[in-house]
Amino acid sequence: MRGRNGESHVIRTNRDRIVVKAVLGRVTHPRIPLRNPWLVDPAGCAHVKPGTGGITYNVMVGDSAFDFEGDHVEPCVSIAHEDTGKDPSTTGGLSILSCIGNEARITSGAAAGGKGIVTGKHGGVEHVLVDFPPATLEKLSIGDRILVRAAGQGLSIPDLPDVHVMNIDPALLDACGISIESGRLVVPVAHVIPATIMGSGVGSRHAYSGDYDIQIPDDDVVREHGLQSLRIGDVIAIRDADCRFGRTVRKGAMSIGVVVHGSCVTSGHGPGVTVVMTTAGETMVPEIEGSANIASYLGIGRGRRKPKRRQRRSTGG
């Protein structure tokens, strides 16, 4: 990779030592409370809108985080651990070990054999989010089993031990265009925001599963940080956010994350961010790059190349 000064940089990681595990989830059903479906926004207005879970045909990574009439809408496919009640720690196996960029393979139903890519993790509901090509998506059904080739937890950058890496597949880390310059990690990001506008999920005991939300009720704050252009899949930097041992605010810290779901209606919520790198010091430098989105890095969602149409040859007259 090349840094801003044109010099070549090699990011050395411990990827050869990363353990690869199989974890299994099922395509979930959309979730909405039957007796009280109302969502009350900060202005006191009540809404009934689609929310988390299920198969979402028209929302993908690369789409705007704001352009859909929904609440916490998860792109493409949401899977969760099939809770048997025997050992709740197996839920953590799926939620924690799955990493953004992991390969996912359908193992049951009409779409069996189809492959996709993990795009995020949503806390609370403990959903793992997976992108599939449209043709595969049409064959999927609620309840189908999806096997994730989980790899990424334990990944580190030996030359920068202060940077804690989590929730990201080694291959995706390689594709993000990061470089080391003057002893600091330069990371291309679509947006830089302050930790003070982070909401639901702050204070969690760890950041190795799920996400936490960007609060967006204040239009002035949205405009100040350019968040009106925020997309699902964007790589962003959060200033003064220390997520090494939970999600907290620490002056001078920084976290890098991926926007994993759309915006929300209720107070304290908004587009969700799964953290992929964090440091308590000044070891990371964000570099604004509008195209910093996993859709383009992985060639999925709105970044997927459309097949070229075959041109008809004229037979002459």
* To do: Check whether any side-chain N or O of S108 sits under 3.5 Å from a backbone N or O of R145 as a donor-acceptor pair, and report yes or no.
  => yes

* **Validation row: D240, T196 side chains within 4.5 angstrom (heavy atoms)** => no

* Distance-only, no hydrogens or angles: does the S263 side chain make a donor-acceptor pair with backbone N or O of F66 under 3.5 Å? -> no

* Asked: For atom CZ of R149, is the number of surrounding heavy atoms from other residues, nucleotides or ligands below 6.0 Å larger than 12?
  -> no

* Structure fact -> Taking every heavy atom of P170 against every heavy atom of G152, the minimum-distance pair comes out as CD-CA, 4.1 Å

* Determine whether the side chains of S204 and R247 contain a donor N or O and an acceptor N or O closer than 3.5 Å. => yes

* Asked: Do E126 and S95 have side-chain N/O donor and acceptor atoms under 3.5 Å apart?
  -> yes

* Any donor-acceptor pair under 3.5 Å linking the side chain of Q153 with the backbone of C99? -> no

* Could you walk me through whether L230 and V222 pass the side-chain contact (heavy atoms from CB on, under 4.5 Å) check? -> CA-CA 10 Å; L230 191 71; V222 170; over 6 Å; no

* Structure fact -> What one should report as the nearest heavy-atom pair of I100 and V260 is CD1-CG1, 4.4 Å

* Would you call I216 and P271 a side-chain contact if the rule is heavy atoms closer than 4.5 Å? -> yes

* Return the orientation label for the H72 and H261 ring planes: parallel under 30°, perpendicular over 60°, tilted otherwise. => tilted

* Got L24 and L94 here, is their nearest side-chain heavy-atom distance under 4.5 Å? -> no

* Backbone N or O of G154 within a donor-acceptor pair of the N14 side chain at under 3.5 Å? -> yes

* Does any N or O in the side chain of S296 come within less than 3.5 Å of the main-chain N or O of S291, such that one atom is a donor and the other an acceptor? -> yes

* To do: May I ask you to check whether H225 and H191 place their ring centers less than 6.0 Å from one another?
  => no

* Is there side-chain contact between K49 and F68, with heavy atoms separated by less than 4.5 Å? -> no

* Run the side-chain contact (heavy atoms from CB on, under 4.5 Å) check on V273 and V258 step by step: do they pass? -> CA-CA 5 Å; V273 180; V258 175; 5.9 Å; no

* To do: May I ask you to decide if S78's main-chain N or O and T28's side chain share a donor-acceptor pair within less than 3.5 Å?
  => yes

* May I ask you to test the E103-K115 pair for a side-chain heavy-atom distance under 4.5 Å? => yes

* **Separation of D234 CG from N293 CG (nearest 0.5 Å)** => 4.5 Å

* Structure fact -> Minimal heavy-atom distance between C243 and A207, with the atoms involved, is O-CB, 3.8 Å

* **Backbone of V265 reached by a side-chain donor or acceptor of D71 within 3.5 Å** => yes

* Side chains of V259 and I236 in contact at under 4.5 Å (non-hydrogen atoms) -> yes

* Kindly work out whether a path of hydrophobic side-chain contacts (I/L/V/M/F/W/Y, heavy atoms less than 4.5 Å apart) joins V276 to V187. => yes

* Structure fact -> Heavy atoms of C76 and F132 approach each other most closely as SG-N, 3.4 Å

* **Single-linkage hydrophobic cluster M254~V202, side-chain heavy atoms < 4.5 angstrom** => no

* **hydrophobic_cluster_shared for I96 and L129, side chain cutoff 4.5 Å** => no

* Asked: Any link between I106 and I55 through a network of hydrophobic side chains (Ile, Leu, Val, Met, Phe, Trp, Tyr) touching at under 4.5 Å?
  -> yes

* Take atom CD in E289; do more than 12 heavy atoms of anything else shown fall under 6.0 Å from it? -> yes

* Whether over 12 other heavy atoms sit under 6.0 Å from R302 CZ -> yes

* What's the verdict on side-chain contact (heavy atoms from CB on, under 4.5 Å) for V186 and I180, showing C-alpha distance, side-chain angles and the deciding distance? -> CA-CA 6 Å; V186 179; I180 295 177; over 6 Å; no

* Side chain K121, main chain D211, donor-acceptor under 3.5 Å -> no

* When rounded to the nearest 0.5 angstrom, what distance separates CD1 in I157 from OG1 in T13? -> 7.5 Å

* Would you say the side-chain atoms of D213 pair up with the backbone N or O of Q215, donor to acceptor, closer than 3.5 Å? -> no

* Structure fact -> Correct closest heavy-atom pair for I300 and I294 would be CG1-O, 4.0 Å

* Near R105 CZ, under 6.0 Å, is it more than 12 heavy atoms from other residues, nucleotides or ligands? -> no

* To do: Taking only Lys NZ, Arg NE, NH1 and NH2, and the carboxylate oxygens of Asp or Glu, determine whether K139 and D144 approach each other closer than 4.0 Å.
  => no

* Taking side chain as C-beta onward, heavy atoms only, is I146 less than 4.5 Å from V77? -> yes

* To do: May I ask whether L140 and V148 are part of the same hydrophobic cluster, defined by side-chain heavy atoms of I, L, V, M, F, W, Y residues being less than 4.5 angstrom apart, directly or through others?
  => yes

* Asked: Below 4.5 Å, heavy atoms only, C-beta onward: do R184 and M284 meet side chain to side chain?
  -> no

* Asked: Under the side-chain contact (heavy atoms from CB on, under 4.5 Å) criterion, do I238 and Y212 qualify, and how do the steps go?
  -> CA-CA 11 Å; I238 310 172; Y212 69 141; 3.8 Å; yes

* Asked: From T274 OG1 over to I256 CD1, what is the distance, rounded to the nearest 0.5 angstrom?
  -> 13.5 Å

* Which residues pass the side-chain hydrogen bond (donor to acceptor under 3.5 Å, both in side chains) test with D162, sequence neighbours left out? -> none

* Asked: Counting only N and O atoms by type, is there a donor-acceptor contact under 3.5 Å from the side chain of T278 to the main-chain atoms of V275?
  -> no

* Asked: So, E74 and H127: side-chain donor and acceptor under 3.5 Å apart, yes or no?
  -> yes

* Measure the CZ-OG distance between R15 and S156 for me, rounded to the nearest 0.5 Å. => 12.5 Å

* To do: Check W38 against A46 and note the closest heavy-atom contact, atom names and distance.
  => CE3-CB, 3.5 Å

* To do: Rounded to the nearest 0.5 Å, what's the gap from CD1 on I11 to CG on L185? Could you check?
  => 5.5 Å

* Measuring from D159:CG to R12:CZ, what's the distance to the nearest 0.5 Å? -> 4.5 Å

